[in-house]
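Step one of this worksheet: look at the structure below.
When a ligand or atom number is given, it counts from 1 through the structure's own listing order. Residue numbers start at 1 and run along the sequence shown.
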Amino acid sequence: MIVIDNAAIATVDAGGTEYRSGHVVVDGEHIVAVGEGPAPTTDGRRVDGSGCLVTPGLVNTHHHLYQWATRGLAADSTLFEWLVELYPVWGGLDAEITHAAATAGLARLALTGCTTVADHHYVFPRDGGDQVEALVSAVTRIGVRGHLVRGSMDRGESDGGLPPDHLVEDIESALRGTEHAIDTYHDPSPNARIRIAAGPCSPFTVTERLMKEAAELARRKGVRLHTHLAETLDEERQCLAEVGCTPAEYADSLGWLGDDVWLAHTVHLAPGAIRRLGETGTGSAHCPTSNGRLGTGIAPARELLEAGAPVGLGVDGAASNESGGLGEELHQALLQARQRGGPQALTVRQALWMGTMGGARCLGRQDELGSLEPGKLADLAVWRLDGLRHAGITDPVAALVLGAVPAIELLLVGGETVVERGELRTADESAIATELRTASGRLR
Ligand SMILES: [Zn+2]
C-alpha cells in the first residue's frame, strides 16, 4: 500500500471534487481511498504530500515517438514542407533507432506528469526491423501505459500522395501488419498496459480503400481508430480539389466518425463538423504546441467541448514539438483557447480535465483512468508546488496550469513508481540520452 497525505488533491471526478489537504490510498494497482484530512490507514509506505498537488496522471492522446531522433529540422517550415524534408530522413529508421527515440520521448513524458501515451507510428521502412516491438519494449522499459496506433501509408508520390514511394506500404501489407500488431499485443483487459489501435496516417498519405478497410478491421477486432484530420488549410484545399468535400465530411463518408475514433488536430472544422464530432462522440487530440510550431491554426477546443465531443491533449511528435513534455500542454491549450475565444474560453480546470479525463475518454479508458476515485487504476502525479516557481499561488490547479511545469514528486502507474523526487526511477536518464544521441547521429 502507498498512502499519500497532507496534499491538495484535484480528483477530476464528475463533480470536480477537490480537497485542500487530503489523502490518496493505493493498494496494489488500484486507488482505494481519496478524501479530506488524514488517511484512514497508517499501513504501507507513507508519502508526505505537503506542498504538493495530486492529480490523475496525464494522458497523451497523440505522439510519434520515433521523431525524438529527428528534432530541430525544418525549423521554419509549413507542415507539407516539413514532411517533404523529413520523410527521407525517416526512411533510415530501424528498430534500434525507434526504440532509443521512443525511450527518450517516454522518459520526457513521465517527467512531465504523463502516465498513458498514445503513439501513432506510420513509418515502416522495408529493412526497418520490427518497429512495433521496438515501441512495446520502450513502453515496458519506462513503465507507462501505451496505446500504440499501428499506422500506415499507401499513397506515395506516384499516386498523388506526399511521401516518397519507398516509404509507403501496399494495402495488404499495411492491413496484415495492423492485424498482426493487434493479435500480438492488444490487451483488452481493464488494467491493460498495452493496447493497439488502427491508424492510417492521414487523407493525403492514404487511399480511400485503406481508410475503409482499416476501419472494418479495427471494428472486427474491437480496437479503436485514429488518424490525422483537418490539421492545415493545405489539407482542406487538397481534399476539396480531390474529393469535393472537407476532410471532416470525407471522414464521415468513410465511416471514420464514431465513439471508437479519435482524431489528431481537428483545427479546421466548420460549425457543422463540430456538431457531427459531438453527435458521434468522436474524440479530438488537441496538440497546441505542435499547431503553433507549424503555424497551422488554433483548434476549436472550447466549441468541441460544448458540442459534447471528448477532447484530450497531445504533444504530437517531437519533430514538431521539440520539448515533448505533456505538462506544458495544459498551459498552451489554455492560452490558445483564450487567444481564439477570449478570456472565458477555457478555465484552468477545463485544461486539467482535457489533460486527464478528456484524454482517457479519447482512448476509451474513462472507466479505469482519468480521475482519482476508489476502484480506478492508481495512475497519478504528485506535483511539487512549494518552490520558487509556484510559492504564493494559493490555488494549486491555477499554479499547475498557469505556472511553470512543476517538478514531479511522485508518478505512479498502476501503483508502481516511475518518477520520484524529479528523477526517473525505471531507467537511467543519462544512458537514455546517450543511446538517443547515437541513434539520432545514425539517421543524419
Ligand atoms: Zn501527428
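- At least one N/O/S atom of Asp316, whether from backbone or side chain, sits less than 2.8 Å from the Zn ion (ligand 1).
- Glu279 CD: more than 12 foreign heavy atoms inside a 6.0 Å radius.
- Trp68 carries Arg71 over the face of its six-membered ring, with the cationic atom under 6.0 Å from the centre and within 45° of the normal.
- Figure legend: Arg150 and Tyr185 shown without cation-pi pairing, the cationic atom not lying both under 6.0 angstrom from the six-membered ring centre and within 45 degrees of its axis.
- Within His228, NE2 is the N, O or S atom that lies nearest to the Zn ion (ligand 1).
- Here the Zn ion (ligand 1) is the vertex; the NE2 atom in His62 and the NE2 atom in His64 give an angle of 100° (to 10°).
- Put simply, Cys287 stays out of reach of the Zn ion (ligand 1), with no N, O or S atom under 2.8 Å from it.
- Using a distance-only test at 3.5 Å, with no hydrogens or angles considered, a donor-acceptor pair links the side chain of Arg302 to the main chain of Gln344.
- Residues Trp262 and Trp256 place their aromatic rings such that the two centres sit no closer than 6.0 Å.
- Counting backbone and side-chain atoms alike, His63 contributes no N/O/S atom closer than 2.8 Å to the Zn ion (ligand 1).
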